[in-house]
Number of protein chains: 2
Amino acid sequence: MKLRILVVDDEPEIIELVEFNLKQAGYAVTTAADGAEALKKARSQTPDLIVLDVMLPEMDGFEICKALRLDAATAKIPIVMLTAKAAEIDRVLGLELGADDYLTKPFSPRELLLRVKKILARHQAEEKPKEQLRYGDLLIDLPRHIASWKNKPIELTATEFKLLTILAQRAGRVQSRDQLLRDVWEYDSLIDTRTVDTHMRRLREKIGPAAKHLDTVRGVGYRFIE
Amino acid sequence: MKLRILVVDDEPEIIELVEFNLKQAGYAVTTAADGAEALKKARSQTPDLIVLDVMLPEMDGFEICKALRLDAATAKIPIVMLTAKAAEIDRVLGLELGADDYLTKPFSPRELLLRVKKILARHQAEEKPKEQLRYGDLLIDLPRHIASWKNKPIELTATEFKLLTILAQRAGRVQSRDQLLRDVWEYDSLIDTRTVDTHMRRLREKIGPAAKHLDTVRGVGYRFIE
DNA sequence: CATTCCGGTGACAACCATGTGACGATTGGG
DNA sequence: CCCAATCGTCACATGGTTGTCACCGGAATG
């Protein structure tokens, strides 16, 4: 899936330049020309990163930054600030307000790309694995090692629980039997791939109605659907 | 219980030097060579202090620092930064981002120890762990080192008490045998994991009716249920 | 339409994880 | 110096768990 970036600037030339380069690099880009629009789009689209010009009419970059941080929906989106002022005070202020990086105009597109890439990479890395997975009435609690349906616990063996967890964590994506063997059983392929089938069967049997989430993709593997 | 320190550096010599000196001084030390590993270990082990080199490949110390501060699980762990640059800006930036102290290379091990000790003393003082845990009729009094059931004291050995305490403090969360060995026995894994079983058995025997709180999760570990 | 391929199913034997009792080593106090 | 307490390890029993297999029905394939 393409990573989405929101570019906020009031100068059409800058927008165009940045947009072109980011799209070239394979990102999905949307733009906003002022603070209000920026906040609205940030909330509705929850982009993976925001490129934000400090100099804007009405609401400047710092204010937008602050506003974004105050809203839970946007609080964690990394922000790259663009500014004409190279003064140190700006850098510190920007970082304090929650910007993740800083670029002073004039900047080269290549430099912008580098920063964006780096920040996105870092953010992916620090994304912490979720402790709970919830899909409708199905709840999987990792640290408690409990799965439940409509708040009623489901008795699962260790392997079944792990299998369910792995599938749920990769919801939507098909997992081949080999993939599952590697991730659930860990030591490689001493085990027959058909074993996965048996475990899927037992899992489906035990989780009852929640089995509708477990999809078989003939010829490929299994998939957890939301 | 030994205080645990996580040392993050990419240079093996530095790691070795720091690790040796800290262990000598009675701390339990784990190490990480890069940012991703550092974040992972910080979250999984929640050390009491982190020694962090600023100069690292990929993700530098400032970024790690910031990432640690953004996560509730690691936000309050004190950080001592190591850097080659003595520049003022670095110091200010580092402190702003949440480092608790600062050390410029080359530093003497004695100096590092002093800082670590000082910071830990300050932090321990202001942090008060719960002194009592109560679950129904079961009461665990940490400072008095006494457990009781319906106000009647339960005779426990030091190890049994610690085991019970660790489990109760993480009530609900499954603890693997390895995890328990690390936290209760402290020095790593010289001990057979089955030893945990034996101690659980003795513990259950002694606490009698309260044993209903001690749950076995087959294939995974043990869990304290409320 | 015939054939092949694939996944679901039930049974089963081997295995493994855990509870349990016992034993030797160590330690500290009387 | 001996005894009691504590601890780590081990062997054994047992019941749950697991991997495999044979069989079957339905889906693809030609």
Side-chain angles (χ1 to χ4, degrees), chain A residues 145-147 153-167 174-225, chain B residues 145-147 153-167 174-225:
Chain A
H145 214 265
I146 288 174
I154 307 170
E155 294 279 335
L156 294 179
T157 70
T159 338
E160 285 156 6
F161 185 83
K162 201 162 183 182
L163 177 58
L164 176 61
T165 302
I166 294 282
L167 282 168
V174 182
Q175 304 292 311
S176 71
R177 290 174 173 70
D178 286 308
Q179 184 79 45
L180 290 171
L181 275 181
R182 253 183 290 129
D183 292 345
V184 178
W185 279 258
E186 290 177 4
Y187 49 93
D188 306 50
S189 61
L190 306 161
I191 295 181
D192 194 293
T193 60
R194 288 305 307 280
T195 299
V196 179
D197 295 42
T198 304
H199 277 269
M200 283 300 294
R201 173 181 142 278
R202 293 204 260 250
L203 182 55
R204 279 169 168 155
E205 197 172 276
K206 289 193 183 176
I207 68 177
K212 68 180 182 192
H213 288 288
L214 301 177
D215 193 20
T216 304
V217 183
R218 197 182 171 80
V220 188
Y222 294 96
R223 168 175 54 185
F224 187 100
I225 49 182
Chain B
H145 218 264
I146 290 174
I154 307 170
E155 293 282 333
L156 293 180
T157 70
T159 325
E160 285 155 6
F161 184 80
K162 205 162 186 180
L163 177 58
L164 176 61
T165 302
I166 294 285
L167 282 168
V174 179
Q175 305 292 310
S176 71
R177 289 173 172 70
D178 286 310
Q179 184 81 46
L180 290 171
L181 275 181
R182 253 184 289 132
D183 292 346
V184 178
W185 279 258
E186 290 179 10
Y187 47 94
D188 307 49
S189 61
L190 305 163
I191 296 183
D192 195 295
T193 60
R194 288 307 307 281
T195 299
V196 179
D197 295 42
T198 304
H199 278 269
M200 282 299 294
R201 173 180 145 280
R202 293 202 256 250
L203 182 55
R204 279 168 167 156
E205 200 172 271
K206 288 193 183 175
I207 68 177
K212 68 181 180 192
H213 288 290
L214 300 178
D215 195 18
T216 304
V217 184
R218 189 169 248 268
V220 187
Y222 293 98
R223 168 176 53 192
F224 188 101
I225 49 182

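When reading the values below, keep in mind they use all heavy atoms of this one structure, side chains included, and skip hydrogens, waters and symmetry mates.
OP1 or OP2 of dG8(C) sits under 4.0 Å from a side-chain N or O of Y222(A).
The separation between D197(B) atom CG and dT20(C) atom P is 11 Å, rounded to whole Å. Atom CZ in R204(B) sits roughly 13 Å away from atom P in dG21(C) (whole-Å rounding). A straight line from CZ of R223(B) to P of dA17(C) spans 18 Å, rounded to a whole angstrom. In this entry the distance linking CE of M200(A) with P of dT9(C) reads 11 Å, nearest Å. The CZ atom of R201(A) sits 14 Å away from the C1' atom of dC24(D) (whole-angstrom rounding). With rounding to whole Å, L180(A) atom CG is found 12 Å from dG7(C) atom P. Rounded to whole angstrom, the span from the CZ atom of R177(A) across to the P atom of dC5(C) amounts to 16 Å. A straight line from CG of L203(A) to P of dT17(D) spans 14 Å, rounded to a whole angstrom.
Separating the CG atom in L163(A) from the CG atom in L181(A) is a distance of 9.5 Å, to the nearest 0.5 Å. Here the straight-line distance linking atom CD of Q175(A) with atom CZ of F224(A) works out to 12.0 Å at 0.5 Å rounding. Within the model, atoms OG1 of T193(A) and CD of Q179(A) stand 13.5 Å from one another, a figure rounded to the nearest 0.5 Å.
Side-chain proximity of T216(A) to the nucleotides dT18(C), dG19(C), dG7(C) is greatest for dG7(C).
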Treating primed atoms plus P, OP1 and OP2 as sugar-phosphate and everything else as base, which nucleotides of nucleotides 2-16 of chain D get B, S or - for protein heavy atoms under 4.0 Å? ----SBBBB----BS

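Between T195(B) and W185(B), some side-chain heavy-atom pair lies under the 4.5 Å cut-off. Annotation: side chain of I207(B) is in contact with side chain of L214(B) (closest heavy-atom distance under 4.5 Å).
R194(B) meets the salt bridge (Lys or Arg N to Asp or Glu O under 4.0 Å) test with D197(B); sequence neighbours excluded.
Exactly one residue among K206(B), H199(B), R202(B) makes a side chain to side chain donor-acceptor pair (under 3.5 Å) with E160(B). That residue is K206(B).
Residue G221(A) is the one, among G221(A) and E205(A), whose nearest nucleotide of DNA chain C lies closer to the 5' end (criterion: closest heavy atom).
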